[in-house]
Undergrad: 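First the structure, then my questions, so here it is.
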2 protein chains.
Amino acid sequence: MKFEAITIKDIAKALGLSTSTVSRALRDSYEISPETKERVIEYAKQNNYRPNPIALSLKEKRSSSIGVLVCEIANSFFSQAINGIESVAQEKGYNVIIAQSKEDFEKEVSSIQYLASRSVDGIIFSVSAETSDFSHIQQLYARGMNMVSFDRVVDFPDIHKVSVDNYKAAYEATAHFIKNGFTNIACIANAAFLSITKERVEGYTAALKDHNIKLNPDNIFYCLHGGLNYEEVEQIMSKAMNGKKKPDAILACSDKITTSVMRYCQQEKIDIPSKMGLVGFSNLDLTDLLAPSLTVVRQPAYEMGRIAAELLIKQIESKRPTTAFEDVVIATELHQRASSEKTKTRP
Amino acid sequence: MKFEAITIKDIAKALGLSTSTVSRALRDSYEISPETKERVIEYAKQNNYRPNPIALSLKEKRSSSIGVLVCEIANSFFSQAINGIESVAQEKGYNVIIAQSKEDFEKEVSSIQYLASRSVDGIIFSVSAETSDFSHIQQLYARGMNMVSFDRVVDFPDIHKVSVDNYKAAYEATAHFIKNGFTNIACIANAAFLSITKERVEGYTAALKDHNIKLNPDNIFYCLHGGLNYEEVEQIMSKAMNGKKKPDAILACSDKITTSVMRYCQQEKIDIPSKMGLVGFSNLDLTDLLAPSLTVVRQPAYEMGRIAAELLIKQIESKRPTTAFEDVVIATELHQRASSEKTKTRP
DNA sequence: CTATTTTACGCAAACGATACCGGCATAAAT
DNA sequence: ATTTATGCCGGTATCGTTTGCGTAAAATAG
């Protein structure tokens, strides 16, 4: 079955005009007499005419669509970000095509090529946890694709970037732990390649240093697959808990890692926060209802999505090549709750 | 800036051939000599040629893209469903264009027309909480757009539908409450128009009846805006709690409503489950970590998305008009946890 | 050695919309 | 009366790709 829409040709035939006349009438050209315009517009309205965007795309060499590549849609941070992207796109007349990498390098490469081959006008992307080689992105970018690096940003210079202040976020979370009396704080981060991982680990180590706590390198753990599966975090936790010096607090650097740590602690009957403090990066809106209520670093995902989309569309619609590249860094919010209050036990 | 890809014309010029020959060589036509084929394919590969999908769409009158209309992306149920849709779409060479209604009727109408005007080959839609008039959908459908009604299904007959057994889900949840000693069970449902609301309320009332509990009509509440904002639920809860007979349990019929009820109870110091039992429809994957752990009705969102996408694509690719319409109804899962165990108090 | 078939390719139309170029009226100006 | 101007509209190329049709050269048959 096919959905057949009315075309400019149909209108022309019905009204005994040429397609050019109809086209001009609809675009309100001065070359068309008011009466003809009237006739055409009336007929178009009655028959619910809409210009075929595909034909327009072919002619204009632009598709009015933007691609979004994230590792996972069903993730509160990314779905909120997509929400922001979609809202801007809608305003500016673009549609959003989404693709997921599932934290898999191969799927990221194929997804991004898929987006490019679908003639999107630009791409907002957040690289997968497995991605250490950026050549697929660099190639596409060099060939003129408009791109905005988002959240997990790449390190080449001439590209718009939108991210949060991960260093500060991790620093504050760690300092918060220390202030609350935790001394042996572990950090479970994402894959080591990622910008967010590096920055967060740096913030974590800097906070320790500034508070005269000696860094124990064994307290830093990396999730190669971004904590997508529970087992990854489980292994790390059991390793941490069986080490010489068990940590008394954990900074969990992603949504998935945070919930996995909580689940592990519940299963192993490790009480939070009395036996184990926990601060997690999370964008879920019910972390206050968890047992115990969770201290979280919240990222302004929606806002980030909006900014990324605005930058991308500005770049798409700019006549001249972009020369000034923005590196937008937004602040996170630390929501202090029960999971990081050492003195309190579970209610 | 524009992204310029290599075309069949470029290949033709470079190799001194006509575009038709190149086209046929790439499609492995028997009319082309093996040597020419070899040359063309080699050149195409080296220059990373990809057929322009827009030109193809124009010619084939299909865009290989499907639209998805949901009320909100940043909602665990819908993001998981989109995940399922996207996975099938990817397999079959389609891309997914998403649009949100935000539970707003006007936005739903414009979104769905936007999708149609973007020449999608088909649409998977879940109507907004405000939608009682389906004429915008019916018109589009009558004009030949391929459509699959999803989750919140419409009631016209000749259309594919994918939903869960809401009646049974609500029946089981209510029966579970009764078995656990709750007697005055309230039901906070979505907007009254919605299929899911009707079915869930029916299941709820049937369970009461079958267990010889007299239905109190004041125990049924509707959220006009789908519980998108907390205030809506807050008002309902305070009304319920200030009534003559306070309910001792609540069946919350959506993700948002469920968390809002929990939040209300926490703020008002209403202990769950001793003072108030709670079962919620939810697709969040950390409801077991809530305080107390939450008894939920879980919907197989991913699977539903996959089935809807498969039905839609089958319909799109079918030569003949569809005559047999599927009404797929999938079972939900009731995860029994602490929030519905009257005897237990909060740990 | 001619007649016919086969091979291998090019030409051009088509999809829907736009835009440049041109043309035909009528009216005004010379 | 002829030119010029102007209002109004049509023809056609274009975007990238596919495909039916035409055709030259080569291969085969008679």
Side-chain angles (χ1 to χ4, degrees), chain A residues 2-41 43-44 47-65 93 116-121 143-144, chain B residues 2-41 43-44 47-65 93 116-121 143-144:
Chain A
K2 232 170 265 182
F3 178 74
E4 305 271 2
I6 183 174
T7 74
I8 223 169
K9 238 182 216 173
D10 300 326
I11 301 179
K13 201 176 289 175
L15 265 47
L17 293 167
S18 76
T19 58
S20 13
T21 305
V22 174
S23 172
R24 270 180 288 229
L26 291 170
R27 319 195 90 241
D28 200 28
S29 161
Y30 68 97
E31 288 187 283
I32 306 299
S33 72
E35 305 86 61
T36 310
K37 265 185 203 172
E38 176 77 20
R39 281 210 305 151
V40 170
I41 290 167
Y43 189 91
N47 293 76
N48 198 20
Y49 167 79
R50 303 207 182 273
N52 183 329
I54 292 181
L56 241 48
S57 296
L58 184 60
K59 195 145 177 46
E60 306 291 329
K61 299 214 183 199
R62 50 197 302 283
S63 60
S64 290
S65 64
S117 80
R118 299 303 301 188
S119 304
V120 293
D121 295 338
R143 281 170 55 208
Chain B
K2 232 169 265 182
F3 177 75
E4 305 271 2
I6 183 174
T7 74
I8 224 169
K9 240 181 213 172
D10 301 326
I11 301 179
K13 199 177 288 173
L15 266 46
L17 294 166
S18 75
T19 58
S20 23
T21 305
V22 174
S23 171
R24 270 181 281 238
L26 291 170
R27 319 195 92 240
D28 201 27
S29 160
Y30 68 96
E31 287 188 283
I32 306 298
S33 72
E35 305 88 62
T36 309
K37 267 185 202 170
E38 175 77 19
R39 280 210 305 152
V40 171
I41 290 167
Y43 189 90
N47 292 73
N48 199 22
Y49 167 79
R50 301 204 185 274
N52 183 326
I54 293 181
L56 271 160
S57 297
L58 183 59
K59 200 148 178 44
E60 306 292 327
K61 300 213 185 199
R62 49 199 298 284
S63 61
S64 290
S65 65
S117 80
R118 298 304 303 189
S119 303
V120 293
D121 295 339
R143 280 172 55 209

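Every chain is numbered from 1, with letters handed out A, B, ... down the list of sequences. Below, all heavy atoms of this structure are taken into account, side chains as well, without hydrogens, waters or symmetry copies. What you see is a predicted model, and the numbers here were worked out from it, not measured in a lab.
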Undergrad: Rounding to an integer number of Å, can you tell me how far A:R50 CZ sits from C:dA17 C1'?
TA: 16 Å
Undergrad: Whole-Å distance between C:dA19 P and A:I32 CD1?
TA: 13 Å
Undergrad: Between D:dG11, C:dG16, D:dT17, which nucleotide gets closest to the side-chain atoms of B:P51?
TA: D:dT17
Undergrad: What is the distance, rounded to the nearest whole Å, between atom NZ of B:K13 and atom P of D:dC15?
TA: 9 Å
Undergrad: Taking the side chain of A:S33 as its heavy atoms from C-beta onward, which of C:dG16, C:dA8, D:dC8 lies nearest to it?
TA: D:dC8
Undergrad: Between OH of B:Y49 and CG of B:D10, what distance do you get to the nearest 0.5 Å?
TA: 9.5 Å
Undergrad: Describe the nucleic acid contact of B:I54 in one word from base, sugar-phosphate, nothing, applying a heavy-atom distance below 4.0 Å.
TA: nothing
Undergrad: Should we count CD of B:E31 as having more than 12 external heavy atoms under 6.0 Å?
TA: yes
Undergrad: Between C:dT18, C:dG10, D:dC8, which one does the side chain of B:S18 approach most closely?
TA: C:dG10
Undergrad: Regarding B:S23, tell me which of base, sugar-phosphate or nothing describes its non-hydrogen contacts under 4.0 Å with the strands shown.
TA: base
Undergrad: Confirm from the modelled atom types if A:K59 and C:dA17 form a donor-acceptor pair under 3.5 Å, side chain to base only.
TA: no
Undergrad: For B:R24 and for A:T19, find the nucleotide of DNA chain C with the closest heavy atom, then tell me which residue's nucleotide is more 5'.
TA: B:R24
Undergrad: Rounded to the nearest 0.5 Å, what's the gap from CD1 on A:I8 to CZ on A:R24? Could you check?
TA: 10.0 Å
Undergrad: Counting side-chain heavy atoms from C-beta on, which of D:dT17, C:dT18, C:dC15 comes nearest to B:T7?
TA: D:dT17
Undergrad: Would you say the side chains of B:S23 and B:S20 form a donor-acceptor pair under 3.5 Å?
TA: no
Undergrad: Once you round it to whole Å, what is the distance between C1' of D:dT19 and CG of B:L26?
TA: 15 Å
Undergrad: With respect to the side chain of B:N52, which nucleotide from C:dG16, D:dT17, C:dT18 is positioned closest?
TA: D:dT17
Undergrad: Just verifying a value: how many Å separate B:I54 CD1 and B:S64 OG, rounded to the nearest 0.5 Å?
TA: 12.0 Å
Undergrad: Whole angstrom is fine here: how far is it from CD1 in A:I11 over to P in C:dT18?
TA: 11 Å
Undergrad: I want to verify a distance call: between C:dA12, D:dT17, D:dG22, whose nearest atom is closest to the B:S20 side chain?
TA: C:dA12
Undergrad: Tell me whether the OP1 or OP2 atom of C:dA17 has a side-chain N or O from A:Y49 closer than 4.0 Å.
TA: yes
Undergrad: Heavy atoms under 4.0 Å, any strand shown: does A:S57 hit a base, just sugar-phosphate, or nothing?
TA: nothing
Undergrad: Rounded to whole Å, please give me the gap between CD1 in A:I6 and P in C:dC15.
TA: 15 Å
Undergrad: For the OG1 atom of B:T21 and the CG atom of B:L26, what is their distance to the nearest 0.5 Å?
TA: 10.5 Å
Undergrad: Of all the nucleotides listed (C:dG16, C:dG22, C:dT18), which has the minimum atom distance to the side chain of A:R27?
TA: C:dT18
Undergrad: Using whole Å, what does the distance between atom P of nucleotide D:dC8 and atom CZ of A:R39 come to?
TA: 14 Å
Undergrad: For the pair made of CD in B:E60 and P in C:dG16, what is the distance, rounded to whole Å?
TA: 12 Å
